[in-house]
Amino acid sequence: MLKVKALTKSFHNHKILRDISFELKMGTITALLGPSGSGKSTLLRCLSRLEVSDRGSIVFQGNSLTDLSSSSIGMVFQGFHLFPHMTVLENLVHAPLQLKQMTKKNAERFAVALLKKFDLNGKVHHFPNQLSGGQKQRVAIARALIVNPPILLFDEPTSALDPEMVNEIAALIYNLKSPDRLIIIATHELRLAKLIVDQILFLDRGALVENVSKATFFKTPKAKRARQFIKNLMST
Ligand code: ADP
Ligand code: MG
């Protein structure tokens, strides 16, 4: 269980996250929806400890986020953020070697197996700029997965890809669903949310205005901003 309580974050006296509280169960996939600028990336960055919140608490399986090891949280960034000067293999083994979690030999063995699973066996020694968008995305996911994190965060996983790849990414993320993992996806893509998520969190100007099951969200969203959001996206 992930418990977020009264999380608040400001940048330059500007409140970006306002008193956010929610709980998510293991084994679930959650979509984090909301207009651009509503605070989705900031919330993911707080969850992945790239930002420190001003107030509030984040507790995972009874432990404060600050006490967890770095291998507890995997993040797939918008635009992937692969290390451009490293090969695909080097990108993958970087974290487990930094964390001294695996020997080089083991890390490489794991990495090669993961790359094979993601249909990237021919790309092990390529550099990121030699890959297509979809391949970069899969490398980024493999890189996040190599330490086997129980919390897996995706920031706009389809935004840099061809719209036709949404189903493929949806299937890929859905396959990562497991009873001992919790997945959160910040996304603009309603199709992705409709296909694979269990729960929806909707942010509006830094406030969590909706925390409901997928069925409820699409059938009877209670927040006005959420209704408008669905309507706007449906019409495009
Ligand atoms: P979203 O991902 O929903 O589009 P973000 O979390 O990226 O929203 O941004 C929410 C707000 O916080 C925006 O107004 C953005 O300009 C601001 N913001 C995000 N990161 C920073 C930062 N490091 N410094 C100052 N302002 C920031
Ligand atoms: Mg964002």
Side-chain angles (χ1 to χ4, degrees), residues 1-79 81 95 144 147 149-157 159 173 176-177 180-190 192-193 196-214 216-217 221-230:
M1 180 89 93
L2 175 70
K3 294 186 184 186
V4 173
K5 214 167 152 191
L7 198 75
T8 298
K9 174 77 185 168
S10 298
F11 288 118
H12 320 296
N13 289 328
H14 230 79
K15 272 223 171 106
I16 303 300
L17 297 177
R18 301 163 187 270
D19 202 19
I20 305 259
S21 299
F22 60 88
E23 294 186 5
L24 299 175
K25 292 198 191 81
M26 298 306 287
T28 57
I29 305 184
T30 300
L32 182 58
L33 301 180
S36 182
S38 57
K40 302 182 296 295
S41 296
T42 305
L43 178 55
L44 291 189
R45 291 173 63 82
C46 288
L47 292 173
S48 62
R49 299 193 298 201
L50 293 166
E51 296 286 356
V52 180
S53 61
D54 305 331
R55 268 186 289 125
S57 67
I58 304 174
V59 173
F60 179 66
Q61 305 290 59
N63 298 303
S64 169
L65 192 72
T66 44
D67 296 334
L68 297 179
S69 81
S70 300
S71 58
S72 301
I73 308 133
M75 175 118 159
V76 179
F77 295 92
Q78 180 168 20
H81 291 202
V147 295
I151 305 174
L152 191 53
L153 310 170
F154 290 86
D155 198 356
E156 307 275 5
S159 65
I173 297 176
L176 303 176
K177 186 171 172 166
D180 46 17
R181 181 176 288 143
L182 173 161
I183 300 175
I184 306 176
I185 314 169
T187 184
H188 272 95
E189 185 56 67
L190 285 188
L192 187 68
I196 60 169
V197 313
D198 304 291
Q199 190 74 9
I200 308 255
L201 302 177
F202 188 91
L203 284 179
D204 182 19
R205 287 164 291 173
L208 183 63
V209 295
E210 204 70 83
N211 175 7
V212 290
S213 73
K214 173 175 65 180
T216 305
F217 184 79
K222 69 177 188 325
K224 192 167 162 233
R225 188 65 186 89
R227 288 200 297 272
Q228 193 190 352
F229 182 82
I230 295 174

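Source: prediction; values computed, not measured.
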**OP:** With side chain to side chain contact (heavy atoms under 4.5 Å, CB included) as the test, would you mind laying out the steps for L43 and L208 before giving the verdict?
**Re:** CA-CA 11 Å; L43 178 55; L208 183 63; over 6 Å; no

For a side chain to side chain contact (heavy atoms under 4.5 Å, CB included) check, start with the C-alpha distance between L47 and V4, then their side-chain angles and the critical distance, and finish with the verdict.
CA-CA 9 Å; L47 292 173; V4 173; 3.9 Å; yes

Q: Run the numbers on D204 and F229 for side chain to side chain contact (heavy atoms under 4.5 Å, CB included), then give the verdict.
A: CA-CA 10 Å; D204 182 19; F229 182 82; over 6 Å; no

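For the atom pair I173 CD1 and I196 CD1, the distance stands at 4.5 Å (nearest 0.5 Å). Note: L50 CG to L44 CG = 10.0 Å, rounded to the nearest 0.5 Å. Note that CG of L153 and CG of L182 are 8.5 Å apart. Values are rounded to the nearest 0.5 Å. One finds the CD1 atom of I200 at 5.0 Å from the CG atom of L33 (value rounded to the nearest 0.5 Å). The distance from the CD1 atom of I58 to the CG atom of N63 is 13.5 Å, given to the nearest 0.5 Å. Distance CZ/F217 to CG/L190: 7.0 Å, rounded to 0.5 Å.
Between E210 and A223, the shortest heavy-atom contact is OE1-N, 2.8 Å. Residues L203 and G39 come closest through the heavy atom pair CD1-C, 3.6 Å. Nearest approach of S213 to T216, heavy atoms of both residues: OG-OG1, 2.9 Å. Nearest heavy-atom pair, A226 versus F202, reported as atom, atom and distance to 0.1 Å: CA-CZ, 3.6 Å. The nearest pair of heavy atoms linking T187 to E156 is CA-OE1, 3.6 Å. Considering every non-hydrogen atom in both A144 and V76, the closest pair reads CB-CG2, 3.8 Å.
Residue pairs meeting the side-chain hydrogen bond (donor to acceptor under 3.5 Å, both in side chains) criterion with at least one member in residues 30-43, sequence neighbours excluded: S41-D155. The list of side-chain hydrogen bond (donor to acceptor under 3.5 Å, both in side chains) pairs with a residue in residues 67-76, not counting sequence neighbours, reads S69-S71, S71-Q101.
The salt bridge (charged side-chain N to carboxylate O under 4.0 Å, His left out) check on D198 picks up K177, with sequence neighbours excluded. In terms of the ring-ring contact (aromatic ring centres under 6.0 Å, His included) criterion, F60 has no residue partners (sequence neighbours excluded). Residues passing the ring-ring contact (aromatic ring centres under 6.0 Å, His included) test with H188, sequence neighbours excluded: none.
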Quiz: residues 15-22 side-chain donor-acceptor pairs under 3.5 angstrom, not counting sequence neighbours:
residue: R18; atom: NE; partner: R205; partner atom: O; Å: 3.0
residue: S21; atom: OG; partner: A6; partner atom: N; Å: 2.8

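Using a 4.5 Å cut-off on side-chain heavy atoms (C-beta onward), S48 and I73 make contact.
Judged purely by atom type and a 3.5 angstrom limit, Q61 uses its side chain to pair as donor or acceptor with the backbone of M1. Side chain of R181 to main chain of L152: no donor-acceptor pair is present (N/O by atom type, distance under 3.5 Å, no hydrogens or angles). When atom types are taken as modelled, the side chain of R225 and the backbone of V209 share no donor-acceptor pair closer than 3.5 angstrom. Judged purely by atom type and a 3.5 angstrom limit, D54 uses its side chain to pair as donor or acceptor with the backbone of S10.
S159 and Q78 form a side-chain donor-acceptor contact under 3.5 Å, judged by distance and modelled atom types alone.
With a 6.0 Å radius and a threshold of 12 heavy atoms from other residues, nucleotides or ligands, R55 has its CZ atom at or below the threshold.
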